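Encoded as structure tokens, the structure appears first; notes follow it.
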Amino acid sequence: MDEFALIRKYFAAAPCAQAGEGVALGIGDDCALLTLPPGEQLAISTDTLVAGVHFPDLCDPFLLGQRALAVSASDLAAMGATPLAFTLALTLPTVDADWLQAFAQGLDLMAQRCSLRLVGGDTTRGPLSLTMTVFGRVPAGLALTRGGAQVGDLLCVGGLLGEGAGALPLVLNQRTAEASITEALLARYWSPQPQLALGLALRGRATAALDISDGLLADCGHIAAASNVRLVIEQDALPLSAALLAFLGLEAAREAALSGGDDYVLAFTMPESQLAGLRAAGSSVHVIGRVEAGQGVCLVDADGTDVTPLARGYQHFQDIQ
Ligand code: ADP
Ligand code: MG
């Protein structure tokens, strides 16, 4: 199968690649054309996933397609953007029809769930890797950046923490657990649910936001730095699932929540006065701390003692000066 037949069969023909709202021209020309309503800005984010680094070489292609797009869509949620479209740059070692079919199905499922249309991409030969670029729209001035946290705000997260990292030993077949735990944790790892509705509800309410991809401490550090404030996190307020606690125990579950990655839950700061309205709008919100004057991130126990661990999440190139 040549490159063009492959693109047509697996991608251009997918339901998520058909024209629709905001997409004036999709796959097939030199560029896609997107139309923005007046007064809206384009939110753009790119993520690359490399086999052996970001996912196991031999993982299920359906789950990979699903997860790769969810991870990218989560960045739109974190900006308070409405999903519009995405592109896919795919590098494949060989053309394996079964693999492509399953990958395209997983991708399509997540694309439809997130209302994202596939509008283009690139297909090349080489070691397996995927690059997704997502496009969203947001009214000018309403995007949720990392830079607006105010002293006195609450620090909140939109869901349970630690399951993405906690699931890794199961993903890598290094450990086993009883079926209900395995099922719950693997579902969170392979099918993260980008918090798009929460992102929209946070427009005009949150002062800063991001999605947690590298662990709560590391990511809150980004808000602290961009906003020039100090974030104080209460250890006992971390929302941990029963499955994670049963699998890892309290200590390691906390560590997964604080320093593990892959949760794709939103973390945000917000004046306390916004909390009731946000909850009334149907969002699940966990208050985990507060914004103070100062710098950095600190974890406190029930007595207010600083118990901040040294490890700070996963960083590529951390040895490079
Ligand atoms: P060009 O040479 O102009 O860059 P390509 O031959 O790479 O175009 O691709 C032809 C068309 O197919 C383009 O519209 C491109 O966006 C699209 N495309 C290529 N690969 C993919 C893919 N993996 N998924 C979706 N669209 C793709
Ligand atoms: Mg090309």
Side-chain angles (χ1 to χ4, degrees), residues 1-36 40-77 79 81-137 190-194 196 213 264:
M1 187 182 319
D2 72 18
E3 174 191 338
F4 297 106
L6 184 157
I7 294 167
R8 255 198 318 279
K9 178 163 185 200
Y10 296 105
F11 300 110
C16 68
Q18 307 317 303
E21 195 214 344
V23 179
L25 184 63
I27 292 177
D29 217 306
D30 293 310
C31 289
L33 297 172
L34 304 183
T35 307
L36 283 187
E40 302 219 346
Q41 292 175 316
L42 199 53
I44 305 172
S45 171
T46 292
D47 282 294
T48 294
L49 301 183
V50 178
V53 178
H54 300 97
F55 59 90
D57 285 271
L58 293 177
C59 72
D60 180 330
F62 179 91
L63 296 175
L64 177 63
Q66 190 176 264
R67 181 170 190 275
L69 187 58
V71 166
S72 293
S74 178
D75 285 321
L76 294 177
M79 291 303 280
T82 302
L84 206 51
F86 72 107
T87 61
L88 166 68
L90 187 58
T91 303
L92 296 169
T94 53
V95 175
D96 174 338
D98 292 340
W99 192 96
L100 274 163
Q101 180 79 36
F103 174 79
Q105 278 173 359
L107 187 76
D108 189 66
L109 183 80
M110 189 55 72
Q112 305 226 40
R113 198 181 284 165
C114 296
S115 300
L116 279 167
R117 290 171 201 281
L118 179 59
V119 295
D122 201 21
T123 307
T124 53
R125 192 182 288 272
L128 179 61
S129 87
L130 319 167
T131 297
M132 307 251 180
T133 301
V134 289
F135 302 85
R137 57 183 175 82
W190 283 116
S191 187
Q193 304 298 316
L196 291 158
S213 52
Y264 305 104

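In each ligand, atom 1 is the first atom listed, and ligand 1 is the first ligand listed. Since this is a predicted model, take the numbers as computed values, not measurements.
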Any idea which of [options] brings a heavy atom closest to [atom]?
atom	options	value
atom 17 (C) of ligand 1	Ala17, Cys31, Gly121	Gly121
atom 9 (O) of ligand 1	Leu88, Ile7, Thr131	Ile7
atom 23 (N) of ligand 1	Thr91, Leu100, Thr123	Thr123

(message) With respect to Phe4, determine whether any N or O atom, backbone or side chain, lies less than 3.5 Å from an N or O atom of ligand 1.
(response)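 Between Phe4 and ligand 1 (N or O atoms, distance only) the closest approach is not under 3.5 Å.
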(request) May I ask you to check whether Thr123 and Glu3 show a side-chain donor-acceptor distance below 3.5 Å? (result)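 Thr123 vs Glu3: no donor-acceptor pair found between side chains.
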(message) Less than 3.5 Å apart, any donor N or O on the side chain of Arg113 or Gln66 sitting next to an acceptor on the other?
(response)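 Distance-only check fails for Arg113 and Gln66.
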(message) In the structure I gave you, are the side-chain heavy atoms of Arg67 and Tyr264 within less than 4.5 Å of one another anywhere?
(response)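 Heavy-atom side-chain distance check passes, below 4.5 Å.
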(message) So Phe86 and Ser72, do their side chains get closer than 4.5 Å, heavy atoms only?
(response)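 Not in contact.
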Please identify which atoms of ligand 1 are closer than 4.0 Å to at least one heavy atom of [X].
X	value
Gly28	14 (O)
Ile27	12 (O), 14 (O), 17 (C), 25 (C), 26 (N)
Asp30	3 (O)
Asp122	7 (O), 19 (C), 20 (N), 21 (C), 23 (N)

(message) Using 0.5 Å steps for rounding, measure from the CG atom of Leu6 to the CG atom of Asp2.
(response)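 Going from CG on Leu6 over to CG on Asp2, the span is 8.5 Å.
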(message) Any salt bridge linking Glu21 with Arg137? Criterion: basic side-chain nitrogen under 4.0 Å from a carboxylate oxygen.
(response)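 The answer is yes: the pair qualifies as a salt bridge.
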(message) Counting only heavy atoms closer than 4.0 Å, does ligand 1 sit against the backbone of Thr87, its side chain, both, or neither?
(response)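 Under 4.0 Å from ligand 1, Thr87 contributes no heavy atoms.
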(request) List the steps, then state whether side chain to side chain contact (heavy atoms under 4.5 Å, CB included) holds for Phe103 with Phe11. (result) CA-CA 10 Å; Phe103 174 79; Phe11 300 110; 4.1 Å; yes
